[in-house]
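Notes follow the structure.
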Amino acid sequence: MTHPLVTADDIDTFQRDGVVVVRGLWADHVETLRAGIARNMAEPGPYAAENLKAGESGRFFDDYCNWQRILEFEEVIRSSAVAEVAADLMRSQTAQLFHDHVLVKEPGTSKPTPWHQDGPYYFVSGGQSVSFWSPLDPVTTATLRCVAGSHRWEKPVLPTRWLSEENFYPDAEAYMPVPDPDAEGMQIREWAMAPSDAVAFNFDVLHGARGNDSPSRRRAFSLRLVGDDARYTTRPGRTSPPFPGHDMQQGQRLREDWFPVLFRRAMA
């Protein structure tokens, strides 16, 4: 049995394309998440960043790994259906929390979020992963864009720093250059979305987002979860998020005291 929010077709699409839209995932939690984002912006964490250069219009704020100190985030993470939906999409017996991420583009922020894969930034390996990108404002133009099937590419895309545009790791040869999906005619998935909807995508799906040229702000809450096959893996440098002091070794499961298992499927 799957959760009513997802169908067998949704799961098949997620497995094939690496991305699917889930309507109404946060239907009962929109105001709580908005309050959490307001708290997060008023009280930024140590990883908070402003992602615009001098002279660029608007404001592009992001911050992550705050669920343990932003009570609204923890409430929603633990009380919503998100973990069960994640397990269904991943075809996993479990769903384990990795981290949360807030991204806010104020009106007139024309800068797009660069094309990237999340996986190369993380210290997690495994095919069972899902990130939920969830706008808390109606989105018609400042949409998330995902390249269907890119989670199956043989070589990962080079991770870069959003502001300086420098390579994230020293060994660029291990990665493919960041492609231009529009120019290269790739299959891009994007949707107009209402608050409470979510785009679910695999960590290795290439994605980016359009700038926000609308008169309204675009607040987005992202939540990243992993499944049964997730293991700690080393990278060529400091990962993002870094999780200093985690003490995990190559091939280990993520430690559950830091990354709690939110859903475990009952044995038949």
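Within the 4.5 Å cutoff, the side chain of R145 has heavy atoms near those of the R210 side chain. Taking 4.5 Å as the limit, some side-chain heavy atom of R78 sits within range of a side-chain heavy atom of W67. Residues T2 and I11 are in side-chain contact: their nearest non-hydrogen atoms beyond the backbone lie under 4.5 Å apart. Side-chain contact between V139 and R218: present, with at least one pair of heavy atoms (C-beta onward) separated by less than 4.5 Å.
Side chains of S92 and D228: a donor on one and an acceptor on the other come within 3.5 Å. Remark: the T7 side chain and the D10 side chain contain an N/O donor-acceptor pair separated by less than 3.5 Å. Side-chain contact annotation: R224 with S131, donor-acceptor N/O pair under 3.5 Å present. When only modelled atom types and interatomic distance are considered, N212 and S214 share a side-chain donor-acceptor pair under 3.5 Å.
Between the CG atom in D100 and the CD atom in E74 there is a gap of 10.5 Å [rounded to 0.5 Å]. Rounding to the nearest 0.5 Å places CZ of R59 at 14.5 Å from NZ of K111. Of the inter-residue distances, the one linking R265 atom CZ with M1 atom CE reads 11.0 Å to the nearest 0.5 angstrom. With rounding to the nearest 0.5 Å, the separation of CD in E72 from CG in N40 is 10.0 Å.
Aromatic pair F73/F221: centroids less than 6.0 angstrom apart.
Here the options are F259, Y47, Y232, Y122, the test is ring-ring contact (aromatic ring centres under 6.0 Å, His included), and the partner is F243; only F259 passes. For the side-chain contact (heavy atoms from CB on, under 4.5 Å) with W26, the lone residue among L136, L223, D197 that qualifies is L223.
For Y175, the ring-ring contact (aromatic ring centres under 6.0 Å, His included) test picks out no residue, with sequence neighbours left out. Partners of H101 under the ring-ring contact (aromatic ring centres under 6.0 Å, His included) rule, at least two apart in sequence or in another chain, are Y64.
Classified by interplanar angle (parallel below 30°, tilted 30° to 60°, perpendicular above 60°), the ring pair F201/H207 is tilted.
A single hydrophobic cluster is not seen to contain both F263 and L254; linkage of ILVMFWY side chains at heavy-atom distances under 4.5 Å, directly or through other members, places them apart. When hydrophobic clusters are built by joining Ile, Leu, Val, Met, Phe, Trp and Tyr residues whose side-chain heavy atoms come closer than 4.5 Å, directly or via intermediates, V130 is grouped together with I77. Cluster annotation: V124 and V261 are assigned to distinct hydrophobic clusters (Ile/Leu/Val/Met/Phe/Trp/Tyr, side-chain heavy-atom contacts under 4.5 Å, transitive). Hydrophobic cluster membership differs between W115 and L52, with clusters built from Ile, Leu, Val, Met, Phe, Trp and Tyr side chains linked at under 4.5 angstrom. By the criterion of side-chain heavy atoms lying less than 4.5 angstrom apart, applied directly or through intervening Ile, Leu, Val, Met, Phe, Trp or Tyr residues, I188 is not grouped with M193; the two fall into different hydrophobic clusters.
Side-chain atoms of D180 come within 3.5 Å of backbone atoms of A183 as a donor-acceptor pair (strictly under, hydrogens ignored). The backbone N or O of T234 lies less than 3.5 Å from a partner atom in the side chain of Q250, making a donor-acceptor pair. Panel note: side chain S57, backbone G108; a donor-acceptor pair is recorded below 3.5 Å.
Ion pairing of R217 with D137 is absent here, as no side-chain N (NZ or NE/NH1/NH2) approaches a carboxylate O to less than 4.0 Å.
For Q187, the CD atom counts as loosely surrounded, since its 6.0 Å shell holds 12 or fewer non-hydrogen atoms of other residues, nucleotides or ligands.
Summarising the geometry of A83 relative to L225, their closest heavy-atom pair is CA-CD2, 4.2 Å, with the distance given to 0.1 Å.
The cationic group of K105 lies under 6.0 Å from the six-membered ring centre of F60 and within 45° of the ring axis, placing it in a cation-pi geometry.
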